[in-house]
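Please read the structure below before turning to the comments.
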Number of protein chains: 2
Amino acid sequence: MTGQVRTVDGRVAGRRGQATRQKLLDCLSEMLSTSPYRDVKVIDVARKAGTSPATFYQYFPDVEGAVLEIAEQMAAEGAQLTALVEGRSWAGKSGWQAAEELVDGFLDFWRRNDAILRVVDLGAAEGDKRFYKIRMKILNSVTNSLSASMQELQAKGRLDKDLSPAAMAGSIVAMLAAVASHQKGFQTWGVKQAELKPNLALLVHLGMTGKKPSK
Amino acid sequence: MTGQVRTVDGRVAGRRGQATRQKLLDCLSEMLSTSPYRDVKVIDVARKAGTSPATFYQYFPDVEGAVLEIAEQMAAEGAQLTALVEGRSWAGKSGWQAAEELVDGFLDFWRRNDAILRVVDLGAAEGDKRFYKIRMKILNSVTNSLSASMQELQAKGRLDKDLSPAAMAGSIVAMLAAVASHQKGFQTWGVKQAELKPNLALLVHLGMTGKKPSK
DNA sequence: TCGGTAAGCTGACGGCATGACAGGACAAGT
DNA sequence: ACTTGTCCTGTCATGCCGTCAGCTTACCGA
């Protein structure tokens, strides 16, 4: 599908080359989580990887290009988030469980990838379509699943028909993503992780079913 | 309270100086909305303002310092967002209206200041306390008001006592902020502004009162 | 009117990151 | 050993950063 890994000047990368490339990506990834995006310099990444800036430019057009690569890898992993919604029932106790697990899984994924997700979020907000596409790839699976579940509920008459599943699902997912990316902030502000989760789950449940959950 | 405006090297700024300073801020502000934050260079801002980079460094320690200044100005304006919540009733029809107006006002404020808010969000997410504080200043007024309203409802027995007003209010506000900062995204993805708002308002209402609104 | 003083601005400079290139090192096959 | 193609780096021109000395401009009191 993706074809071979290639250098900027068109050569195909061999074993050694791919290793170097990956090492650069790893180091960049680490830098992103320890210093502001604006201050990440090619020379630092190269130094950290024990190589030279010139090498970096063999594999990536610039920092942004490398960041996109990392984001792409993460987005591929992120596809598994669908499993948090698909095939779940939103009725009764299992509905509450579904909401709780969705929140849990989401916050966890975000915590594991917060550095790169920050940059993706910024790129998307700035209007860069490549970043926006990646963001979509991650969120879409969840959004679509939620949206489908709501349409089912609507068909069964268990949910108001005049609300838009897409908008509601989008809002819910946006909320999860936002809270997730400011988890640390909530903590310093005095809201504990433990009380954040059930409240988020409650909001999710309310949004999905329009009803209070029966725990 | 704030004392006089001062240059980096300690001189007090006069009329002309303040004008130059403001012009630099305006130009920076415009740059932020037309090019990625990472690519905003001091020299470009200076050129745009018809002055030299050295002048920029007279008034600001670096780009980030100037951005903080802009953000501070915006935060001051943003304090008026409190008015969207304070003194509102969440019962009956007026409850629905309160939710709608909160959503409206929020999205509008975000749309007007999206460029600078993006950068503030990034800074906060990266753990910079100065940006975090500004973000708080804007969101706190709304969050606190919502939180207070919920405590009232709890006292009257109209709302479950086992949920945390702070966490819920925080989640609601985070959701509003998130949706607001990706408004354009929602649109390109096929969700129209018109159907976004009522669904958001519904979520807000559900979260605040635990009940479906009576319109 | 005339200095005196502080504000305001800029040219110039060392330092560093960028991005391109050519050439050397290295591994693998013959 | 020789060839071929991959891989890495030294080097260089370019451009931005951040600072300083020094020049110009505005204000003010005598």
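In the text below, chain A, chain B and the rest are named by the order of the sequence lines, each starting its count at 1.
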Completion exercise
Once base and sugar-phosphate atoms are separated, protein heavy atoms under 4.0 Å mark nucleotides 7-17 of chain D, 5' to 3', with B, S and - as BBBB-----SS
Practice task
Specify the separation, in whole Å, of atom CG of A:Asp62 and atom P of C:dT18.
Solution key: 10 Å
Practice task
Output yes when a side-chain donor or acceptor of B:Arg38 lies under 3.5 Å from a complementary backbone atom of A:Val40, and no otherwise.
Solution key: yes
Practice task
Could you tell me whether A:Arg47 and A:Asp44 make a salt bridge, using a distance below 4.0 angstrom between a side-chain N and a carboxylate O?
Solution key: yes
Problem - Charged N-O contact under 4.0 Å between B:Glu100 and B:Lys197 - result: no
Exercise for the section: Using the test side-chain contact (heavy atoms from CB on, under 4.5 Å), find all partners of A:Gln154 that sit at least two apart in sequence or belong to another chain. Expected result: A:Gln151, A:Leu159, A:Leu163, A:Pro165
Problem - B:Asp9 CG to D:dG18 P, straight-line distance once rounded to whole Å - result: 16 Å
Completion exercise
Hits for side-chain contact (heavy atoms from CB on, under 4.5 Å) against B:Leu206, two or more places apart or cross-chain, chain-then-number order -> A:Leu206, B:Leu202, B:Lys212
Practice task
To the nearest Å, give me how far apart CZ (B:Phe60) and P (C:dC9) are.
Solution key: 12 Å
